[in-house]
Each structure stands twice: as structure tokens, then as C-alpha cells.
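Contents: one structure, followed by commentary.
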Amino acid sequence: MSTVQWLLMLHVTGAFFLVSGSVAAGVFNVLAARAERPSETALLLGLIRITVIAIGIGAAGTLIFGIWLWHEQGYGIGTFWIWAALVLWVIANALGGIGGKHQERTRKLAEQLAAAGDTKSEELRALLRDPRGNALSWLAGAATLAILVLMIWKPS
Amino acid sequence: MIAYSRPFWPLFLHVLGAMVLVGSVLVAVICSWVGWRRPAVPALARTAFWSLVAVGIPAYLVFRVAAQLIYNDEKDAFGGSDPTWIGIGYGVSEPGLLVLLAAIGFAYWWKKTGKPVAPRIVAGLSSLYLVLLAIAWLAMSGKWG
């Protein structure tokens with residue numbers, strides 16, 4: 001295998017960690033919101049922390065091996081789609097981080113309710129349905145998807 | 001060169017479908033390993049089952065159909081002898097479907113009965129499938145052989 005093939009394999013592996021980790025976090029988030037009891041909501045939101053490890057490895061891998069590939073494949077310093085992907089990478093990470101804080105706040109409240117009778121409160125329902133908190137996570141996912149589009153399309 | 005210069009949509013759908021499939025299997029892996037010690041928690045069984053059925057199966061169909069479209073377009077370029085990475089891709093995707101369906105069946109059994117052995121079988125099958133998918137993405141992205 002050539003250096004480019006190695007780097008591409010590691011870069012794509014990073015992308016698999018990033019996207020599949022995000023998909024897994026999304027599944028846990030959606031099913032946590034639909035759970036009947038706060039204990040179930042807390043459990044499923046807690047499992048998102050495992051997916052965050054995959055997302056972190058993927059985010060670092062795509063960036064490190066992506067920049068290395070940029071150099072190795074001889075793309076120019078002003079290559080539009082690479083810069084656009086880098087900007088989207090920063091946006092996706094920032095939005096994902098803020099959305100994650102919202103989920104963590106929701107999980108802590110669900111844990112408290114689980115310990116005190118395991119009945120949903122209006123506050124928990126409001127947090128689970130909060131359009132701003134959910135929009136941050138979905139927008140982070142959309143930015144990640146846009147990066148994938150750029151990586152495959154490579155518009156000049 | 002042909003491996004790196006394909007039309008956008010089939011390759012995009014193939015890669016996206018594969019990544020979403022891996023994500024759905026990752027959910028089943030996490031739920032079933034956590035469920036190993038807590039088999040009677042319905043939320044874990046339900047999440048593993050619905051992740052594989054509602055996310056995994058559609059993602060499998062998208063990635064597999066797109067793969068076939070790409071292969072049909074490009075098979076002549078290989079001169080009748082497919083490279084190793086294509087063989088690995090086929091070798092994982094077709095028997096892998098059986099592993100995926102078996103994992104769904106045992107996840108359904110877990111969801112219905114809460115029996116302690118069910119999450120252990122789901123953990124084994126879904127972890128095996130995740131490893132197979134990882135071998136396939138490494139082979140295809142590194143163009144082995």
C-alpha cells in the first residue's frame with residue numbers, strides 16, 4: 001500500500017467513527033425522548049457518553065489524516081472544498097458540544113426524578129422537547145453530513 | 001484511478017449507508033453489552049431491536065444497492081478479475097446480512113422475554129458484525145490488493 005492509500009484508509013476510518021458515533025448518539029437521543037420513565041431516559045442519555053468517545057476519535061482522525069492527505073496529494077492551499085470542510089468541522093464540533101451540554105442537563109434531571117418516584121415532570125418533558133437543544137444536535141449532524149458531501153463531491 | 005473517481009450519488013449513498021449501518025450496529029453492541037448484566041431493562045432491549053430494524057435495515061439496503069450500481073458500472077475495468085477489496089466487500093455484505101438478521105431475531109426475543117441469555121447472544125452477533133464491517137471499510141478505503 002502507498003502512503004496515500006494508508007492515509008486515505010485512516011482518514012475514512014476516522015469518518016466512520018465520527019458519522020457512526022453521531023448516528024448512534026442520535027438513536028439514543030431520540031429513544032430517550034420517547035422513553036416512558038425518567039430512569040430509562042437517564043440510562044439512554046448516559047449511553048451517549050460512550051458514543052462521544054467514538055465521535056472524539058473520529059473528529060481527531062479525520063482532521064489529522066485529512067490535513068496530512070491534503071499535503072500528500074498536492075492539493076493547493078486555496079482548495080475551496082477542503083477549507084469549507086474545515087469550517088464545517090469546527091461548526092459541527094461546536095454545535096455538538098453545546099447540544100451535548102443540553103443532553104447532560106436533561107440526563108441529570110432524569111436521574112433525580114428516577115430516584116424520586118420515577119415519574120416524568122413537566123420540566124423533563126420541556127427539556128426533552130426543547131427545540132433549541134435538539135436543533136443544536138441535529139445541526140451538528142447536518143454539518144457532518146455536509147462534510148461527507150464535500151469529501152465525495154470535491155467541488156472545485 | 002477508477003476507484004477514486006466515481007459519480008457522486010452512488011458512492012455518496014454507499015458510504016453514507018455503510019456509516020449509518022455501523023452506527024445502528026454500534027447502538028446494538030452498546031445496549032447488549034450493558035444488558036449483559038441488566039437483561040431485564042426493557043429500554044436496552046427495545047433500543048437494540050429498533051436501532052437494527054428501523055435504522056440498520058434501511059441503511060443496509062441503501063449501501064448494498066448503491067454498491068451494486070457502482071460495481072455494474074465499473075466491473076469491465078477490472079478485466080474479469082475483481083481486486084481483493086471488492087471480494088472482501090462482497091464477502092462481508094452478503095453473509096453479514098444473515099448475521100444482522102440473526103441479531104435482530106435475538107434482539108426481538110430479548111425484548112419480548114427479557115431472558116438473560118438473549119443480550120449475550122445479541123452482544124456476540126452484533127460485535128461480530130461490527131468487526132466484519134470494520135474489516136470491509138478498511139479493505140475498501142485502503143483498496144487492499
Side-chain angles (χ1 to χ4, degrees), chain A residues 1-32 34-51 53-55 58 65 73 114 141 144-155, chain B residues 1 3-35 38 41-56 59 66 70 84-85 130 133-145:
Chain A
M1 277 170 67
S2 67
T3 306
V4 167
Q5 280 176 312
W6 271 105
L7 291 174
L8 194 60
M9 186 177 79
L10 293 168
H11 181 58
V12 171
T13 296
F16 263 90
F17 272 76
L18 177 60
V19 177
S20 61
S22 303
V23 168
V27 169
F28 284 129
N29 199 23
V30 167
L31 293 178
R34 295 166 65 100
E36 287 175 12
R37 289 183 293 154
S39 57
E40 293 179 334
T41 300
L43 173 65
L44 295 177
L45 289 179
L47 295 178
I48 290 178
R49 285 181 291 186
I50 300 173
T51 69
I53 298 169
I55 294 169
F65 296 114
Q73 290 199 300
T144 306
L145 192 64
I147 295 172
L148 188 62
V149 169
L150 286 170
M151 289 291 129
I152 293 172
W153 182 21
K154 296 183 178 63
Chain B
M1 280 307 290
Y4 296 104
S5 55
R6 299 193 173 102
F8 172 76
W9 279 108
L11 183 59
F12 174 68
L13 291 174
H14 176 60
V15 174
L16 180 64
M19 288 175 170
V20 173
L21 174 61
V22 169
S24 74
V25 176
L26 180 63
V27 169
V29 168
I30 293 170
C31 287
S32 55
W33 282 103
V34 173
R38 303 165 72 179
V41 177
L44 292 172
R46 208 167 47 231
T47 304
F49 174 75
W50 284 114
S51 177
L52 293 174
V53 169
V55 183
I70 296 169
T84 307
W85 56 273
L130 194 61
L133 289 170
I135 291 169
W137 93 53
L138 289 170
M140 302 202 89
S141 60
K143 303 288 174 274
W144 293 356

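Letters A, B, ... are given to chains in the order of the sequence lines, protein chains preceding strands, and every chain is numbered from 1.
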What is the minimum heavy-atom distance between [X] and [Y], and which atoms define it?
{"X": "A:S20", "Y": "B:M19", "answer": "CB-O, 3.3 Å"}
{"X": "A:A24", "Y": "B:G23", "answer": "CB-O, 3.7 Å"}
{"X": "B:S141", "Y": "A:L8", "answer": "O-CD2, 3.9 Å"}
{"X": "B:C31", "Y": "A:L47", "answer": "SG-CD1, 4.4 Å"}

Part of [X] within contact of chain A (heavy atom distance under 4.5 Å):
{"X": "B:V25", "value": "neither"}
{"X": "B:V20", "value": "both"}
{"X": "B:L21", "value": "neither"}
{"X": "B:W9", "value": "neither"}
{"X": "B:A134", "value": "neither"}

Exercise. Quick one: which of A:R34, A:M151, A:E40 has the most heavy-atom pairs under 4.5 Å with chain B, could you say?
Key: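 Between A:R34, A:M151, A:E40, the count favours A:E40.
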Exercise. With a 4.5 Å cut-off on heavy-atom pairs, point out which of A:L18, A:V19, A:T13 contacts chain B the most.
Key: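 Most heavy-atom pairs within the cutoff with chain B belong to A:T13.
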Counting C-beta onward and ignoring hydrogens, is there a side-chain heavy-atom pair between [X] and [Y] closer than 4.5 Å?
{"X": "B:I30", "Y": "A:F28", "answer": "yes"}
{"X": "B:W144", "Y": "A:Q5", "answer": "no"}
{"X": "B:W50", "Y": "A:V30", "answer": "no"}
{"X": "B:L138", "Y": "A:V12", "answer": "no"}

Exercise. Taking atom CD of A:Q73 as the centre, report whether more than 12 heavy atoms of other residues, nucleotides or ligands fall under 6.0 Å from it.
Key: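 For A:Q73, atom CD is crowded (more than 12 foreign heavy atoms under 6.0 Å).
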Exercise. Assess whether atom CH2 of A:W6 is packed by more than 12 heavy atoms of other residues, nucleotides or ligands within 6.0 Å.
Key: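 Open.
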Quiz item: When rounded to the nearest 0.5 angstrom, what distance separates CG in B:L44 from CG in A:L43?
Solution: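 Rounded to the nearest 0.5 Å, the CG-CG separation comes to 4.5 Å.
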Quiz item: Out of curiosity, A:K154 NZ to B:F8 CZ, how far, rounded to the nearest 0.5 Å?
Solution: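 Nearest 0.5 Å value for the NZ-CZ distance: 10.5 Å.
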Quick one: what part of [X] sits under 4.5 Å from any heavy atom of chain B, side chain, backbone, both or neither?
{"X": "A:V149", "value": "both"}
{"X": "A:A32", "value": "neither"}
{"X": "A:W153", "value": "both"}

Self-check item: Mutual orientation of the aromatic rings belonging to A:F16 and B:W137 [parallel < 30°, tilted 30-60°, perpendicular > 60°]
Solution: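 The arrangement is parallel - the two ring planes meet at less than 30°.
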Practice problem: Evaluate the criterion side chain to side chain contact (heavy atoms under 4.5 Å, CB included) for residue pair B:W33 and A:I50; output intermediate values, then yes/no. | Solution: CA-CA 12 Å; B:W33 282 103; A:I50 300 173; over 6 Å; no
